Amino acid sequence: MYQPTSLHEASGLLKESGPGARFLAGGTDLVIAMKEKGLVPNYIVDLKKIPGLTGIRENTDGSMTIGALTTMREIEISPFVTKKYPFLAQSAAEVGSIQIRNRATVGGNMANATPSADVAPALIALNATAKIVGLSGEKQVLLEEFFRGPGQTIMSPEEILTEITIPKTDPLLVGEYIKFSPREMMDLAYIGVAVAFVLEQKQKRASNVRIVLGAVAPTPIRARKAEAILEGQNLTEDLAQKAGDQAATESRPISDVRSSAEYRRAMVGAMTKRAILNAAAGPAKSWVERRERRY
Ligand SMILES: Cc1cc2nc3c(=O)[nH]c(=O)nc-3n(C[C@H](O)[C@H](O)[C@H](O)COP(=O)(O)OP(=O)(O)OC[C@H]3O[C@@H](n4cnc5c(N)ncnc54)[C@H](O)[C@@H]3O)c2cc1C
């Protein structure tokens, strides 16, 4: 295992080692893949000694940057995130157990590209971008365009996701993330729904609507036609229902041992409606309230 101290060195090592080398962040996906799924990397290149990859900072332009090696637990309890984007903190709090969240990084969650990754829908709903650094330089891409399929991203093997930036948001932005998994704890999402929109409080008019579905397509997807139903409209339960029904038709779930596609599609409708109404009602005041108002 290598422990480089710069991004250039880390990328160079991966390039030299050829196919089969892997970066290591928290190891909660990689080590499981090695122990239980027969993955045998040629080399492991640990990213943790590279400075500047952790932490959450507010930028002078009002945007917020999260280093790729920031853990889920740091996002969950960050005073800045919990105040400004409670539903992002909420999505991080849904990951595994506290032990997992103390190791699992946001960059690993994105780079591993599991369709059920909990934090991806909330970040896409916030219009986040990913900074990717490789031997040929750096680029900034919309997180929405980062995923290519299960386990696949736009990054080449030697590229490193270094940080995620959420652009400045409207002070009236509201949002919600609902993870649906019948086992509730320590289970991957059957469905993840993140919604974010600007809510003009007097007339309850919604704008800049984003509805992002996880675990019901090969990548997280935006339900754009469902977004259009809400855009510029005064929010009512009936409208939330219509948007939910539309989101269900835009989802592309599979049937597997955990549930049928039909069940997942029906639950997308119900969870999307619920997420919209919860977002409009404001953040849950406690963990218990958050669990209760999911259904
Ligand atoms: C018991 C258990 C429960 C879990 N529950 C959930 C859950 O409820 N929800 C959920 O979303 N996930 C869950 N996970 C999955 C996992 O914790 C997350 O996906 C985690 O965020 C991965 O981050 P990591 O730092 O551990 O990544 P690692 O395992 O270190 O890396 C994962 C992959 O990403 C690559 N990589 C890592 N960082 C970078 C980077 N900065 N740039 C480029 N490539 C990189 C690695 O090479 C590797 O291929 C669970 C895992 C376990 C073991």
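Heads up: numbering here begins at 1 and tracks the sequence. No experiment lies behind these values; they were computed from the predicted model shown.
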Is a salt bridge present between Asp256 and Arg264, judged by a nitrogen-to-oxygen distance below 4.0 Å?
yes
Under 3.5 Å, side chain of Glu159 to main-chain N/O of Ser156, donor-acceptor pair present?
yes
Check for me, please, whether Leu53 and Ile56 land in the same ILVMFWY cluster - side-chain distances under 4.5 Å, paths through other members count.
no
Rounded to the nearest 0.5 Å, how far apart are CE of Met271 and CD of Glu176?
11.0 Å
Once side-chain contact (heavy atoms from CB on, under 4.5 Å) is applied, do any residues pair with Gln203, and if so which ones, sequence neighbours excluded?
Glu200, Arg205, Asn234
Sorted by chain and number, sequence neighbours left out, salt bridge (charged side-chain N to carboxylate O under 4.0 Å, His left out) with Asp46 holds for Lys48
Do Ile44 and Tyr2 have side chains that approach each other closer than 4.5 Å (heavy atoms only, starting at C-beta)?
no
Let me know which of Thr129, Leu161, Thr153, Ile154 forms a side chain to side chain contact (heavy atoms under 4.5 Å, CB included) with Val141.
Ile154
Given the rule in the side chain to side chain contact (heavy atoms under 4.5 Å, CB included) test, do Thr5 and Ile50 qualify, once you have shown the distances and angles that lead to the verdict?
CA-CA 4 Å; Thr5 53; Ile50 303 173; 5.7 Å; no
Would you say the side chain of Arg57 lies within less than 4.5 Å of the side chain of Phe80, judging by non-hydrogen atoms?
no
With sequence neighbours left out, the residues meeting side-chain contact (heavy atoms from CB on, under 4.5 Å) with Pro220 are Ala120, Ile124, Phe147, Val212
Among Ile100, Val106, Thr28, Thr71, the one residue meeting side chain to side chain contact (heavy atoms under 4.5 Å, CB included) with Val95:
Ile100
Which pairs pass salt bridge (Lys or Arg N to Asp or Glu O under 4.0 Å) with one or both residues in residues 69-78, sequence neighbours excluded?
Arg73-Glu76, Glu76-Arg101
Walk me through it: do Tyr190 and Lys179 pass the test side chain to side chain contact (heavy atoms under 4.5 Å, CB included)?
CA-CA 8 Å; Tyr190 282 41; Lys179 172 182 187 168; over 6 Å; no
With distance as the sole test, does Lys131 use its side chain to make a donor-acceptor pair with the main-chain N or O of Thr162 at under 3.5 Å?
no
Using atom types as modelled and distance alone, determine if a side-chain donor or acceptor of Asp170 lies under 3.5 Å from a backbone N or O of Leu172.
yes
Donor on one side chain, acceptor on other, Glu250 and Gln246, under 3.5 Å
yes
Counting N and O atoms only, with roles assigned by atom type, does the side chain of Thr272 sit under 3.5 Å from a partner on the main chain of Gly269, one being a donor and the other an acceptor?
no
Go through the structure and list residues passing salt bridge (charged side-chain N to carboxylate O under 4.0 Å, His left out) with Glu16, not counting sequence neighbours.
none
Hydrophobic cluster membership, Ile132 vs Leu13, 4.5 Å side-chain cutoff:
no
Hydrophobic cluster membership, Met72 vs Leu24, 4.5 Å side-chain cutoff
no
Residue set satisfying salt bridge (charged side-chain N to carboxylate O under 4.0 Å, His left out) with Glu144, at least two apart, ordered chain then number -> Arg210, Arg222, Arg224
